[in-house]
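Structure first, then comments.
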Amino acid sequence: MCLANSQLKSAVRAPPTWRKPVGDGAKRTRGLGATRARYRRPVASLRMAKKSVLTPQSEDFPQWYQDVMAKAELAENGPARGTMVIRPYGWALWEGMQAEVDRRIKDAGAQNAYFPLFIPESYLHKEAEHVEGFSPELAVVTHGGGKKLDEPLVVRPTSETVINAYFSKWLQSYRDLPLLINQWANVVRWELRPRLFLRTTEFLWQEGHTCHASEDDARDYALRILHDVYENFMVEVIGVPVVTGLKTANERFAGADQTWTCEAMMGDGKALQMGTSHLLGQNFAKVFDTQFLTETGEREYAWQTSWGVSTRMVGGLIMTHGDDAGLRVPPKLAPIQVVVLVVRDEDGAGDAAAALAKQLKAGGIRTELDNRDAPFGRRAVEWELKGVPVRLEIGPRDLAEGTATMVRRDKGEKESTPLDGLPTRIPQLLDEIQKALHQQAQQRQEDRTVDAATVDEAIDGARTGFARIKWDNGGELEKRLNQESVSVRCLRRQDGSVPLATDEPDLVAVVARAY
RNA sequence: CGGGGAGUGGCGCAGUGGUAGCGCACCUGCUUUGGGGGCAGGCGGUCGGGGGUUCAAAUCCCCCCUCCCCGACCA
């Protein structure tokens with residue numbers, strides 16, 4: 001955010017509960033695991049065991065995640081608690097996600113627009129459940145231009161309120177419907193326990209907001225976004241299998257009638273909510289007077305939806321595909337799909353590598369040439385950490401054979417491949433890797449999902465993954481699970497389709513521990 | 001806010017009264033750069049802040065600030 005007036009002094013206050021000093025209970029963690037980064041790496045094919053760069057996942061998954069953040073140069077903490085600096089490689093991942101999601105949003109008919117970061121505090125208070133849900137995590141600006149403001153400004157935690165204020169002006173007739181708007185923006189929620197990408201005080205997302213003529217239209221659209229935009233993107237582009245379903249009342253977005261979700265299983269078996277789509281009903285329309293004239297000339301409140309995915313998906317990607325050697329980025333998303341690595345620039349290896357890289361680029365492959373003057377091993381490890389799907393290593397020995405050593409990141413397999421076959425081989429290989437990563441994640445999710453007959457079984461299943469258990473709408477199940485830090489991720493029908501209400505008969509609850 | 005822990009070079013750490021050190025990283029040079037190669041040399045620190053005790057404080061005492069982990073909240 002850019003302040004035009006450098007003199008501007010603004011104070012951001014959190015609500016009273018959060019303002020109190022935390023005392024001396026909290027201390028900073030130093031580092032991203034360098035002390036732990038001294039493990040033997042089990043690579044049998046290597047002559048000598050090298051120290052591992054990362055804490056093994058099995059040793060300490062959160063620490064592994066932290067290590068990856070630092071070593072793959074993805075992001076680090078900002079100077080203010082809960083803020084995040086996204087480094088170029090991390091940004092490239094997000095940028096790729098944005099592009100693919102944006103295209104799908106536009107295919108679904110929505111247009112991009114932009115609404116303000118600052119929202120009059122009174123707006124938030126108009127919708128009772130909404131304000132109740134968000135007030136604990138609001139950042140509020142009380143001063144600007146050196147003066148106390150007449151009315152405090154809330155830094156948007158989400159934009160239903162401001163957007164509705166304008167929808168109510170723009171929407172006049174049923175002919176204006178559906179009104180389909182999306183914005184890419186940052187939002188702020190005062191988080192108590194931030195984690196890079198997964199839960200930061202400021203994060204980036206897209207938020208879609210729509211108006212429809214009927215509840216059915218709105219519901220259909222919310223579900224279309226859930227499946228055609230979110231689920232499709234997650235499965236097809238980032239290879240993350242998701243479980244779609246309906247949120248319980250307890251887990252529902254504050255102010256919505258219904259919330260649907262895409263839940264993914266991370267490498268440690270925990271669930272991560274990757275995206276949500278809400279049916280808002282007429283809740284916001286009523287308080288912001290978002291009305292239209294029907295064909296018969298009657299005034300009616302608009303039926304609305306909202307939906308979003310955030311930078312959290314970057315964290316989800318990492319924890320879904322990452323392994324002990326670092327990231328594994330699915331080729332369709334990978335900022336760099338192939339790196340051509342000059343092993344030693346002798347006997348023309350450097351020129352051959354440059355020529356190959358050029359050729360691959362011309363063929364539409366996102367290719368990087370690495371001819372840096374640094375030890376080969378260091379460079380190889382760096383690309384491995386960053387999860388580049390394919391490495392092509394060319395040194396004098398390869399060149400003498402007219403081959404390159406082709407290494408696929410997902411399986412770590414090396415193969416000597418004729419140089420002239422690469423332009424046709426690489427696209428096939430990228431495709432194989434894309435499928436393999438998705439397949440592996442899918443397999444893990446299936447292997448670690450159990451059917452539970454009792455609450456205890458469900459809690460047990462949630463220690464290592466997901467559990468499915470019969471949903472008792474209005475019963476004690478959710479409360480008992482919550483007591484064990486297990487949550488209902490979503491509700492599904494027997495056939496796997498998503499329910500429209502939590503009181504449908506014979507629903508199945510998918511439960512897990514969650515991020 | 002409840003329960004734990006910690007602030008020393010970019011990062012990770014050692015240093016319990018004598019004026020600050022190690023590893024990694026970084027810079028320079030050399031080297032036969034095939035998985036975080038080797039050798040040599042080098043840059044870099046108001047020891048979180050303030051006050052006190054002492055001939056002398058990173059170290060002991062007091063106050064303050066900040067941060068991390070577990071829990072509650074959450075995209």
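Numbered from 1 within each chain, the chains take letters A, B, ... in sequence-line order. Everything numeric here is computed off the predicted structure, so don't read it as measured data.
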- [ ] Would you indicate which nucleotide in B:A72, B:G35, B:C73 comes nearest to any side-chain atom of A:S485?
- [x] B:A72

TODO: May I ask you to verify whether the side chain of A:R199 and the base of B:C74 hold a donor-acceptor pair under 3.5 Å?
DONE: yes

- [ ] Name all residues meeting the side chain to side chain contact (heavy atoms under 4.5 Å, CB included) criterion together with A:E401; count only those two or more places apart in sequence or in a different chain, and write none if there are none.
- [x] A:T403

TODO: Find the runs of at least 3 consecutive base pairs, i with j, i+1 with j-1 and so on, that include RNA chain B, using Watson-Crick or G-U wobble geometry with both distances under 3.5 Å.
DONE: B:1-7 with B:65-71, B:10-13 with B:21-24, B:26-31 with B:37-42, B:48-52 with B:60-64

TODO: Keeping to residues at least two apart or across chains, list the side chain to side chain donor-acceptor pair (under 3.5 Å) pairs with something in residues 308-318 of chain A.
DONE: none

Task: Under 3.5 Å: donor-acceptor pair, side chain of A:Y65, backbone of A:L196 - done: yes

- [ ] Could you tell me whether A:P62 contacts a base, only the sugar-phosphate backbone, or nothing, with contacts defined as non-hydrogen atoms closer than 4.0 Å?
- [x] nothing

- [ ] For A:T200, answer base if it contacts any base atom (sugar-phosphate contacts may also be present), sugar-phosphate if it contacts only those atoms, and nothing otherwise; contact means non-hydrogen atoms under 4.0 Å.
- [x] base

Task: Residue pairs passing the salt bridge (charged side-chain N to carboxylate O under 4.0 Å, His left out) test where at least one lies in residues 337-357 of chain A, sequence neighbours excluded - done: A:R344-A:E346

TODO: Please indicate yes or no: is the ring centre of A:W205 less than 5.5 Å from the centre of the six-membered base ring of B:A75, with the two planes inclined by under 30 degrees?
DONE: no

Task: Nearest-Å distance once atom C1' is located in both B:G50 and B:C65 - done: 10 Å

Open item on the list: Does either side chain, that of A:T210 or that of A:Q304, offer a donor lying less than 3.5 Å from an acceptor on the other one?
Closed with: no

TODO: For A:T201, enumerate each residue passing the side-chain hydrogen bond (donor to acceptor under 3.5 Å, both in side chains) test, keeping only those at least two apart in sequence or located in another chain.
DONE: none

Task: Atom-pair distance (CD on A:E484; P on B:G71), nearest Å - done: 13 Å

- [ ] Could you tell me the separation between the NE2 atom of A:H278 and the C1' atom of B:C74, rounded to a whole number of Å?
- [x] 12 Å

Open item on the list: Any base atoms under 4.0 Å from A:L198, or only sugar-phosphate, or nothing? Heavy atoms, all strands.
Closed with: base

Open item on the list: Could you tell me if A:T55 and A:D60 have a donor-acceptor pair between their side chains, going purely by distance under 3.5 Å?
Closed with: no

Task: Interatomic distance where OH belongs to A:Y65 and C1' belongs to B:C69 [whole Å] - done: 17 Å

Task: Carboxylate-amine/guanidinium contact A:E393 A:R391, below 4.0 Å - done: yes

Could you give the side-chain donor-acceptor pairs of residues 125-134 of chain A under 3.5 Å, partners two or more places apart or in another chain?
| from | atom 1 | to | atom 2 | distance (Å) |
| --- | --- | --- | --- | --- |
| A:E127 | OE1 | A:E129 | N | 3.1 |
| A:E127 | OE1 | A:H130 | N | 2.8 |
| A:H130 | ND1 | A:A254 | O | 3.0 |

Open item on the list: Under 4.0 Å, heavy atoms only, any strand: does A:L385 hit a base, just the sugar-phosphate, or nothing?
Closed with: base

Task: Euclidean distance, atom CD of residue A:Q66 to atom C1' of B:C69 [Å, nearest integer] - done: 10 Å

Open item on the list: Base, sugar-phosphate or nothing for A:D398? Non-hydrogen atoms, less than 4.0 Å.
Closed with: base

Open item on the list: Using a heavy-atom cut-off of 4.0 Å across all strands, would you classify A:E191 as base, sugar-phosphate, or nothing?
Closed with: base

Task: hbond_proxy A:K414 side chain to B:G35 base (donor-acceptor, 3.5 Å cutoff) - done: yes

Task: RNA chain B: 5'-proximal contact among A:G308 and A:L399 (nearest heavy atom) - done: A:L399

TODO: Please name all residues satisfying side chain to side chain contact (heavy atoms under 4.5 Å, CB included) with A:D460, sequence neighbours left out, ordered by chain then number.
DONE: A:R463

TODO: Report the C-alpha distance between A:Q63 and A:D67 in whole Å, list the side-chain angles of each, state the deciding distance to 0.1 Å, and finish with yes or no for side chain to side chain donor-acceptor pair (under 3.5 Å).
DONE: CA-CA 6 Å; A:Q63 189 59 51; A:D67 289 355; 3.1 Å; yes

- [ ] Select from A:G275 and A:R195 the residue whose nearest nucleotide in RNA chain B is closer to the 5' end of that strand.
- [x] A:R195

TODO: Pull out every residue in residues 310-320 of chain A that has a heavy atom closer than 4.0 Å to any atom of RNA chain B, ordered by number, or say none.
DONE: A:S310, A:R312

Open item on the list: For the C1' atoms, the ones on B:C69 and on B:C30, what distance do you get once it is rounded to whole angstrom?
Closed with: 46 Å

I'd like a list of close polar pairs between nucleotides 38-44 of chain B and the protein, N/O only, cut-off under 3.5 Å.
none

Task: Atom-to-atom span, CG of A:D67 to C1' of B:C11 - whole angstrom - done: 12 Å

Open item on the list: Could you check whether atom CD of A:E415 has more than 12 heavy atoms from other residues, nucleotides or ligands sitting under 6.0 Å from it?
Closed with: yes

Open item on the list: Distance check needed: B:G35 C1' versus A:D370 CG, whole Å only.
Closed with: 13 Å

Task: Pairs meeting criterion salt bridge (charged side-chain N to carboxylate O under 4.0 Å, His left out) with involvement of residues 241-255 of chain A, two or more places apart - done: A:K247-A:E263

TODO: Could you state the atom-to-atom distance from CH2 of A:W190 to P of B:A75 in whole Å?
DONE: 18 Å

Task: Rounded C1' spacing from B:G7 to B:G48 in Å - done: 6 Å

- [ ] Take the protein atom CZ of A:F253 and the nucleotide atom P of B:C73, then report the distance between them rounded to whole Å.
- [x] 18 Å

Open item on the list: Could you tell me if the side chain of A:E207 sits less than 4.5 Å from the side chain of A:W307, heavy atoms only?
Closed with: no

TODO: Would you tell me whether A:N186 and A:W205 have side-chain atoms, one donor and one acceptor, within less than 3.5 Å of each other?
DONE: no

Report each atom pair, protein N/O against N/O of nucleotides 31-33 of chain B, whose distance is under 3.5 angstrom.
| from | atom 1 | to | atom 2 | distance (Å) |
| --- | --- | --- | --- | --- |
| B:U33 | O2' | A:V343 | O | 3.2 |
| B:U33 | O2 | A:A374 | O | 2.4 |
| B:U33 | O2 | A:P375 | N | 2.9 |
| B:U33 | N3 | A:D373 | OD1 | 3.0 |
| B:U33 | O4 | A:D373 | OD1 | 2.4 |

Open item on the list: List the residues meeting side chain to side chain contact (heavy atoms under 4.5 Å, CB included) with A:Q483, not counting sequence neighbours, and say none if there are none.
Closed with: A:K479

Task: Span that lies between the C1' atom of B:C27 and that of B:G52, in whole angstrom - done: 42 Å

